[in-house]
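Some notes on the structure that comes next.
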Amino acid sequence: MKKAKIKNTKKVESKKNIQQTQENFSGRTALITICTIVVVFVSFYFLTDYLVSKRTVNKENTNSNTNLNTKNITFQDLLKKSEKEYYVFALMDDKDEDYYTLQVGLTGKTYYKIDMKDTMNKSYISKETIVKDSIRDIRISDTTLFVIKEGKISEHFVGKEKITEYLKKNYKKESSKS
């Protein structure tokens, strides 16, 4: 009978070992599964971030090329162009942009545009127009035409009427020289 008791204890002990192994195995499996899921999500996050940032850089390059073609500049670049003489329109409203473009086209001068709605240019907007030698001190209240000669502001005109009057006079001067 002693042998029978020993066999029964061995069976009970082996069942306990199997049960402990299964508990350890299921805990271990759950931990491995969780780690795998975390690694997959983290890798997808970085892959998506890389692809989105690459696409954004491509769009920014496209936008900067577009800005070069349309002659848009920031207010800080007002005096930084290489031409000896050119015009810069600080546009408060886009509705007259085509009109000014046509007028300047008749004079044959190079021109640039500043969009005053842009956040980089909003600090130059004021209730009254103040034009000084330093760009930091310039404030405008309405659409303004800056006449730049040899890297300095030689004249400025505020408002549609004054700008149109100047451009028409300048057009007449240019056409009489021909």
Side-chain angles (χ1 to χ4, degrees), residues 38-39 41-178:
V38 168
V39 166
F41 279 118
V42 168
S43 62
F44 274 121
Y45 172 79
F46 285 114
L47 178 66
T48 305
D49 185 40
Y50 171 74
L51 293 175
V52 168
S53 66
K54 191 172 184 179
R55 182 177 291 168
T56 304
V57 168
N58 289 340
K59 283 184 180 179
E60 288 173 359
N61 289 341
T62 304
N63 288 343
S64 66
N65 290 341
T66 304
N67 285 344
L68 291 175
N69 292 339
T70 60
K71 299 187 178 196
N72 287 338
I73 61 172
T74 62
F75 208 90
Q76 296 165 345
D77 296 333
L78 182 69
L79 304 174
K80 294 181 181 177
K81 295 301 171 184
S82 61
E83 293 89 359
K84 286 187 177 186
E85 185 176 347
Y86 58 94
Y87 297 142
V88 177
F89 289 97
L91 299 170
M92 298 293 271
D93 192 5
D94 294 337
K95 67 180 181 179
D96 293 328
E97 181 179 345
D98 292 334
Y99 174 76
Y100 294 131
T101 302
L102 177 64
Q103 292 290 324
V104 172
L106 294 174
T107 65
K109 299 282 184 182
T110 303
Y111 69 95
Y112 297 94
K113 297 179 277 185
I114 300 173
D115 182 9
M116 297 307 292
K117 294 178 194 170
D118 188 9
T119 54
M120 292 184 65
N121 301 323
K122 284 191 176 193
S123 63
Y124 296 98
I125 298 174
S126 176
K127 290 183 180 183
E128 64 181 270
T129 300
I130 302 168
V131 178
K132 296 186 178 181
D133 291 336
S134 174
I135 292 179
R136 283 184 267 149
D137 299 330
I138 297 174
R139 300 291 179 262
I140 63 170
S141 60
D142 195 8
T143 297
T144 305
L145 169 65
F146 294 99
V147 180
I148 311 297
K149 291 183 181 176
E150 297 181 10
K152 295 184 180 181
I153 300 172
S154 67
E155 297 178 272
H156 71 281
F157 301 92
V158 181
K160 185 175 182 177
E161 295 83 26
K162 290 184 180 180
I163 293 171
T164 303
E165 183 181 319
Y166 173 76
L167 291 173
K168 284 182 180 179
K169 278 187 211 176
N170 201 20
Y171 172 67
K172 290 178 183 175
K173 286 180 186 177
E174 293 294 322
S175 62
S176 64
K177 287 180 184 178
S178 301

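Along the sequence shown, the residues carry numbers beginning at 1. Not measured: the values here are computed from a predicted model. Values below: every heavy atom of this structure, side chains too, minus hydrogens, waters and symmetry copies.
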Quiz item: Which of parallel (below 30°), tilted (30 to 60°) and perpendicular (above 60°) describes Tyr124 and Phe75?
Solution: parallel
Check: Can you say whether the rings of Phe157 and Tyr166 are parallel (under 30°), tilted (30 to 60°) or perpendicular (over 60°)?
Finding: parallel
* **Residue pair Val158, Val131: steps toward the side-chain contact (heavy atoms from CB on, under 4.5 Å) verdict** => CA-CA 11 Å; Val158 181; Val131 178; over 6 Å; no
So which heavy atom on [X] is nearest to which on [Y], and how close?
| X | Y | result |
| --- | --- | --- |
| Lys122 | Met116 | CG-O, 3.6 Å |
| Tyr86 | Leu78 | OH-O, 2.8 Å |
| Arg139 | Arg136 | NH1-O, 3.0 Å |
| Ile140 | Ala90 | CD1-CB, 3.5 Å |

With distance as the sole test, does [X] use its side chain to make a donor-acceptor pair with the main-chain N or O of [Y] at under 3.5 Å?
| X | Y | answer |
| --- | --- | --- |
| Thr119 | Lys117 | no |
| Thr143 | Met92 | yes |
| Ser126 | Ser141 | no |
| Asn121 | Asp115 | yes |

**Asked** Run the side-chain contact (heavy atoms from CB on, under 4.5 Å) check on Phe146 and Leu79 step by step: do they pass?
**Response** CA-CA 10 Å; Phe146 294 99; Leu79 304 174; over 6 Å; no
So, taking the atom named [atom1] in [X] and the one named [atom2] in [Y], what distance separates them when rounded to the nearest 0.5 Å?
| X | Y | atom1 | atom2 | answer |
| --- | --- | --- | --- | --- |
| Ile163 | His156 | CD1 | NE2 | 10.5 Å |
| Thr101 | Tyr111 | OG1 | OH | 4.0 Å |
| Asp77 | Ile135 | CG | CD1 | 8.0 Å |

task: Show the numbers, then the answer: is there a side-chain contact (heavy atoms from CB on, under 4.5 Å) between Gln103 and Lys168?
output: CA-CA 8 Å; Gln103 292 290 324; Lys168 284 182 180 179; 4.1 Å; yes
Min side-chain heavy-atom separation [X]-[Y] under 4.5 Å:
| X | Y | answer |
| --- | --- | --- |
| Leu167 | Val104 | yes |
| Ile148 | Ile153 | yes |
| Ser134 | Lys132 | no |

message: Does the Lys NZ or Arg CZ of Lys160 fall within the cation-pi geometry relative to Tyr99 - under 6.0 Å from the ring centre and within 45° of the axis?
response: yes
Tell me whether Asp49 at atom CG has more than 12 heavy atoms from other residues, nucleotides or ligands lying less than 6.0 Å away.
yes
Run the numbers on Lys81 and Thr110 for side-chain contact (heavy atoms from CB on, under 4.5 Å), then give the verdict.
CA-CA 10 Å; Lys81 295 301 171 184; Thr110 303; over 6 Å; no
